[in-house]
Amino acid sequence: MSVGVDVIDDDHQAFFRVSALLQEFQSCRVENRDALIETALNILEEYIEGHFLREETALAAADYPDLEAHIALHDDFAAVVSRIIQDYRDGDKARLDPLSDLVANWIGNHILTVDTRYRGVLTDENVDNQPLARLIANADPMDEIE
Ligand code: FEO
């Protein structure tokens, strides 16, 4: 499922691992299960924000023609995940049930079909390879990508 950019491939692999972690934590019966789930949710939120920022910034710099549609897909997915997580944190624990499948499906629905279209446009040379947390911290909130 390579898009030909090492750091983005690593992000995508991390996404797959977060989905597996969520599934594992949701099904385990340990005392600190809620804390484990919260950790996975924090990782997922950071992934979504940081990875989308990395991709969108690089695509914008490359004048990618389908940027607007790509961003819309990111925004829709982020909104759905955010709503689920918020409902869960507000006490609706069952809302989390479909989340790991939703994340896993994102791999097939987006990474394998939409992200692969920019293969050759983005390269190891024109994508910021900072860790996600640093990318987020260094992002200028006034620099909205359009
Ligand atoms: Fe890798 Fe467009 O998300």
Side-chain angles (χ1 to χ4, degrees), residues 1-28 34-90 92-146:
M1 76 179 192
S2 175
V3 297
V5 182
D6 289 345
V7 71
I8 291 180
D9 287 341
D10 288 347
D11 286 351
H12 290 159
Q13 289 291 333
F15 206 12
F16 185 79
R17 287 194 294 273
V18 172
S19 167
L21 263 184
L22 263 174
Q23 199 164 34
E24 183 181 331
F25 292 162
Q26 284 178 265
S27 61
C28 74
D34 287 351
L36 293 173
I37 290 173
E38 189 56 36
T39 299
L41 295 178
N42 288 333
I43 295 169
L44 178 61
E45 290 176 313
E46 182 181 271
Y47 170 85
I48 288 174
E49 182 178 1
H51 172 69
F52 289 175
L53 177 65
R54 187 194 313 282
E55 228 174 55
E56 292 169 10
T57 302
L59 289 170
D63 289 326
Y64 187 63
D66 289 333
L67 177 62
E68 199 173 315
H70 202 126
I71 290 174
L73 293 170
H74 286 174
D75 288 350
D76 288 349
F77 179 73
V80 169
V81 171
S82 177
R83 185 72 258 162
I84 289 172
I85 292 174
Q86 191 56 55
D87 288 348
Y88 168 80
R89 287 176 175 152
D90 287 343
D92 186 354
K93 301 296 184 191
R95 279 286 280 147
L96 216 56
D97 291 348
L99 186 58
S100 63
D101 283 345
L102 187 75
V103 174
N105 288 340
W106 177 254
I107 294 165
N109 292 340
H110 184 86
I111 294 172
L112 292 176
T113 56
V114 179
D115 283 353
T116 49
R117 289 183 206 143
Y118 63 62
R119 192 183 282 140
V121 174
L122 299 188
T123 67
D124 289 329
E125 285 69 42
N126 65 10
V127 176
D128 191 331
N129 65 0
Q130 293 183 84
L132 295 177
R134 194 172 306 154
L135 266 183
I136 295 166
N138 291 339
D140 183 341
M142 301 306 288
D143 280 348
E144 179 123 344
I145 299 164
E146 293 178 24

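Since the model is a prediction, treat every value here as computed from it, not as a measurement. One-based numbering, in listed order, for ligands and for the atoms of each.
- No side-chain donor-acceptor contact under 3.5 Å links His12 and His110.
- Summarising the geometry of Ala78 relative to Ile48, their closest heavy-atom pair is CB-CG2, 3.8 Å, with the distance given to 0.1 Å.
- Open room surrounds CZ on Phe16; 12 or fewer heavy atoms of other groups in view lie less than 6.0 Å from it.
- Ring orientation note: the planes of His74 and His51 are tilted relative to one another, at an angle of 30° to 60°.
- The distance cut-off of 2.8 Å around atom 2 (Fe) of ligand 1 captures these protein N, O or S atoms, sorted by chain and number: Glu55 OE1, His70 NE2, His74 NE2, His110 NE2, Asp115 OD1.
- To the nearest 0.5 angstrom, Ile37 atom CD1 is 4.0 Å from Tyr88 atom OH.
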Donor-acceptor contacts under 3.5 Å from residues 93-107 side chains, at least two apart:
{"unit_1": "Arg95", "atom_1": "NE", "unit_2": "Asp87", "atom_2": "OD2", "d": "2.8"}
{"unit_1": "Arg95", "atom_1": "NH2", "unit_2": "Asp87", "atom_2": "OD2", "d": "3.2"}
{"unit_1": "Asn105", "atom_1": "ND2", "unit_2": "Asp101", "atom_2": "O", "d": "3.2"}

